[in-house]
Amino acid sequence: MREIDARGLSCPAPVLHTKATLEQERPEAVKVLVDNAASQQNVERFLRSQGYEVRLAQEGVDFAVIGRSGASGTIPESEPAPSAPEASQKIMVMCATDRIGFGDESLGLKLMVNFIRTLKEMGPELWRLVLVNNGVKLSVAGSPVLEELKAYEAGGVTILVCGTCLEHFKLLDQKQAGQTTNMLDIVTAMQLADKVINL
Amino acid sequence: MIFPKDDNVLVGLERADDAGVYRITDDLALIQTVDFFTPIVDDPYWFGQIAAANALSDVYAMGGVPKTAMNLVGFPIKEMDIDVLRQIIQGGIDKIREADAVLVGGHSIEDSELKYGLSVTGFVHPARVRVKNNLRPGDRLILTKPLGTGIINTAIKAAMAAPGVIDRVTRLMAALNRTAAETMADFPVHACTDITGFGLLGHLAEMVSGSGCSVRIESRKVPILPETAAFAGMGLVPGGAFKNKSFRQAMTIFDADVDAVMQDMLFDPQTSGGLLISIASEEADALAAALGRKGVPAADVIGEVLDGPLEKIFVS
């Protein structure tokens, strides 16, 4: 097991040390030693967000956060580099559905999941993702693309989720990604965007 | 400790408010405040603006108008180019000008760590001082800037925030609370404070203490910068949020569905945060609408004041 001694460090240093080790070595199992509850919680969250199963242990006066790699225990490559080039245009993608195309439902869902994952290839030009009608279901608990949406948000993409639609489907309190929005925001975004892609 | 007393001190040390208030005549009182800190952004010009906006904010939170300011500088002159200091002070001057106040002096010392801030003096009518804890049952609470600057600054330190996010949070921190304060002046506001290092719930705890009231906050209505939850979920929560939370644990009662990430965001220490305003419920929507029209960063009714005498914060 790879051990990281992050005692004596304050947030976010323990997370940064863990992140650096994961990126370089991608260990199957990792144990991070910290000396305060704040660092323990942060490292725990970070390991979970990277697909590790996490166990906590007390070691004397210190805390150990032990992560074991799950099926997808690697760092996603979607993290934005701070030196990312400035976007040359603003692309707004509007999804009025949680399926792509008509016909087979499960194929449609699979395509949509793949579409959302692949959108990142647009790079910094991806400016806003707007979810309306059935599209809002992509942003709620249990959605297969929730992690992707959160990663886009963390990378600076604004995700707008139609409040009227959430209310219609009684999903207002289930939304886990994006900002609840209204038609005025959506129309304004369309006006400001250089390109609007409808789905 | 025993503090010197003076009948003209309308708000002093024993009340621990945002600034001190001293009555000069029956219709004029002086607001005095001082605030400085170490850099929170890399760009010196923006750091100057943010530090100045943060110092000026205490005058706005008391319901006053800033008039004069003085620089406070600690600078490692042997290791750092003097041009860095020039840019910081230029940022401060530009912000002071935006507030229609003037820089009248200052003091600098050599310091191993860079520090900058202002001492600010403002005016207020003695009858229009907005103290912290004058909450009334039935009031609504309005917040004028979204939360999340502490967590996002942590993500910036971790090099995990995109340039667009950095830009947005920098501008938010540098935004004056002037418009919010001027708008609030036209309304019968009961109490006000500004949100800084203790986070929303930490500053709310100060409002509640000694008010004889409790409050309920609806976490879903609290404006929060959109990237904050994702970063907090990845473990990029500053240590200050944990300190704020453990300090106010006894006062704060969370509903079961308010998750740990949300709790951390509500305790996230803010730099140059917005005003938190307590106003009678029948006036609250009008004030929120007026704030919205004037383009303050947020104008959300986030909760209400309940009957005492518990002095607790309920979060749903």
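The sequence lines fix the lettering, A, B, ..., with proteins before strands; numbering per chain opens at 1.
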- Message: Using the rule side chain to side chain donor-acceptor pair (under 3.5 Å), only one of B:Asp35, B:Thr196, B:Thr271 pairs with B:Asn54; which is it?
- Response: B:Asp35
- Contacting moiety of A:Val43, where chain B heavy atoms sit under 4.5 Å: neither
- Bottom line for A:Asp173: the part with an atom under 4.5 Å from chain B's heavy atoms is both
- A:Pro12 vs A:Asn42 side-chain heavy atoms within contact, under 4.5 Å: no
- Item | Among A:Arg48, A:Lys175, A:Glu147, A:Gln41, residue most engaged with chain B (heavy-atom pairs, under 4.5 Å) | A:Gln41
- Are side-chain N/O atoms of A:Asn114 and A:Thr118 paired as donor and acceptor at under 3.5 Å? yes
- Query: Would you call B:Arg220 and B:Asp257 a salt bridge, using N to O less than 4.0 angstrom?
  - Reply: yes
- Under 4.5 Å to a heavy atom of chain B? For A:Thr158 that would be side chain
- Pick from B:Ala232, B:Ala155, B:Ala229, B:Ala241 with the largest number of heavy-atom pairs that fall under 4.5 Å of chain A: B:Ala232
- Message: Tell me whether B:Glu304 is salt-bridged to B:Arg216, with the criterion being a basic N under 4.0 Å from an acidic carboxylate O.
- Response: no
